[in-house]
2 protein chains.
Amino acid sequence: MAAPKDPRPCSIADALAIVGEKYSLLVLREVCLGNGRFDQLVRNIGAPRDVLATRLRRLVDAGVLTKRAYSERPQRFEYRPTQAGLELEPVLMTLKEWGDRHLRNGTDLPMVVEHICGNELIPVVTCRSCGAPVRHEDLTAHPQAEGWTVSGPTAA
Amino acid sequence: MAAPKDPRPCSIADALAIVGEKYSLLVLREVCLGNGRFDQLVRNIGAPRDVLATRLRRLVDAGVLTKRAYSERPQRFEYRPTQAGLELEPVLMTLKEWGDRHLRNGTDLPMVVEHICGNELIPVVTCRSCGAPVRHEDLTAHPQAEGWTVSGPTAA
DNA sequence: TCCGTGAGTTGGAAAATCAAACCCTCCCCT
DNA sequence: AGGGGAGGGTTTGATTTTCCAACTCACGGA
């Protein structure tokens, strides 16, 4: 039986255990932008240097980033996203879109991302099977482990 | 000019200021699942009660959740997502998909979400204009404020 | 009256964050 | 040969957060 204090098993929680600490996703943002050097990260993110050092170690350990020298003598390093890291970029873009819309009314955006198709990227999360945009009302959750439930369908 | 210690203006950072604290996105997960009562949240998330209370206040203030009584006498409350909250669900689903794939090899998933189309939901982030899946190589960032740069195109 | 449930609040110890200063290695300039 | 950066961190000490357990308060039921 579920002992007191064991949370729902969940990939969202697992993912957040990797990239959910303060600044981690901002590190990923900068690294995806190509700004992977320590001092760039400090400046662009505004994080304390020691915290940043900790986050970078963790993200490298987790396989989201790699650390590579872009110069021996003097040794200088740069962090880059791994494949797994790059595949988090859609999460960032989706979060950006939410922020653009809900926190800035979609105007005065501090950053615009252009898609290769020539238009501004406005990400839409869709169902791979049917291609429709994902809406809450269209989803049904099925926990696979026993003891974990979801409360009935979304009432009004 | 950019004073020392002002970070890049960015909707991702702004969004994370709302939902980026520890447990906040897990609260949203549970609330989207319909488990919006305080004790359910404590149990399913595994967060300390006081921290949870703080998070809930913040999320309500930010307009992501609402608190409503589902019973007067005895007073009992339930948290529900607002429209803005519901629109964060795609972020959660995208994060879940990343976790499923990178942290569990896509097997033994603790939770499966079914789309109304009848298939398992596997979210894909696409470009609204052209419909293509978002890939890092297809993106170009354009900061709109002066002083902020991105370092050249993604090298190999 | 006593017990249990829901929804928190309180108190104190443990851990994480922050800012500033420091360190080390190298390069360049004179 | 000396001085001054730059880059990439680490150290130190004060401030905040977290964490956990215990406590509260308002009911409702046996």
Side-chain angles (χ1 to χ4, degrees), chain A residues 2-7 13 16-27 30-31 33-62 65-80 149 151-152, chain B residues 2-8 13 16-27 30-31 33-62 65-80 149 151:
Chain A
K5 196 61 187 304
D6 77 297
L16 288 172
I18 309 287
V19 296
E21 290 168 301
K22 198 171 180 184
Y23 303 121
S24 293
L25 285 175
L26 298 182
V27 169
E30 287 304 314
V31 162
L33 290 171
N35 303 330
R37 304 182 188 177
F38 193 83
D39 275 23
Q40 289 179 315
L41 293 171
V42 169
R43 278 191 299 279
N44 294 352
I45 295 173
R49 307 172 78 82
D50 58 341
V51 175
L52 206 36
T54 304
R55 293 295 178 274
L56 288 167
R57 263 187 298 265
R58 171 126 184 77
L59 291 171
V60 168
D61 284 3
L65 263 42
T66 54
K67 179 180 186 175
R68 52 170 61 245
Y70 64 88
S71 148
E72 315 283 341
R73 322 207 44 72
Q75 282 226 317
R76 291 294 136 83
F77 303 102
E78 184 187 15
Y79 295 89
R80 288 160 160 284
T149 59
S151 302
Chain B
K5 198 60 186 308
D6 75 299
R8 183 196 292 279
L16 288 172
I18 308 287
V19 295
E21 291 170 298
K22 197 170 179 185
Y23 304 120
S24 292
L25 285 175
L26 298 182
V27 169
E30 286 303 315
V31 161
L33 290 172
N35 302 331
R37 304 182 187 177
F38 192 84
D39 275 23
Q40 288 180 316
L41 293 170
V42 168
R43 279 191 300 278
N44 294 351
I45 295 173
R49 307 172 79 81
D50 56 342
V51 176
L52 204 37
T54 304
R55 294 294 178 274
L56 287 167
R57 261 188 297 265
R58 171 130 185 75
L59 291 171
V60 169
D61 284 4
L65 300 184
T66 53
K67 179 182 187 174
R68 56 170 59 246
Y70 65 87
S71 147
E72 315 284 341
R73 322 207 44 75
Q75 282 226 318
R76 290 294 136 83
F77 303 102
E78 184 188 15
Y79 294 89
R80 290 160 159 282
T149 59
S151 303

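Each chain gets a letter, A, B and so on, in the order the sequences are listed, and its residues count up from 1.
Atom pair B/Asn35:CG and C/dA7:P shows a separation of 12 Å (rounding to whole Å applied). Computed from coordinates, the A/Leu52 CG to C/dA20 P distance equals 16 Å when rounded to whole Å. Atom pair A/Phe38:CZ and C/dT25:C1' shows a separation of 16 Å (rounding to whole Å applied). Following rounding to the nearest Å, A/Gln75 (CD) and C/dC26 (C1') show an atom-to-atom distance of 11 Å. As rounded to whole Å, 11 Å separates atom P of C/dC28 from atom CZ of A/Arg76. In this structure, A/Asp50 places its CG atom 10 Å from C1' of C/dA16, rounding to the nearest Å. Here the P atom of nucleotide D/dA26 and the CZ atom of B/Arg73 are 11 Å apart, to the nearest Å.
Looking at B/Arg49, its side chain comes within 3.5 Å of the base of C/dG8 through a donor and an acceptor atom. Between the base of D/dA6 and the side chain of A/Asp39 there is no donor-acceptor pair shorter than 3.5 Å.
Residues A/Arg55 and A/Glu72 each lie close to DNA chain C; by heavy-atom proximity, the contact nearer the 5' end of the strand is made by A/Arg55. Between A/Gly46 and A/Pro74, the one whose closest nucleotide on DNA chain C sits nearer the 5' end is A/Gly46.
Relative to the side chain of B/Tyr70, the nucleotides C/dG6, D/dG8, C/dT9 differ in distance, and C/dG6 lies closest.
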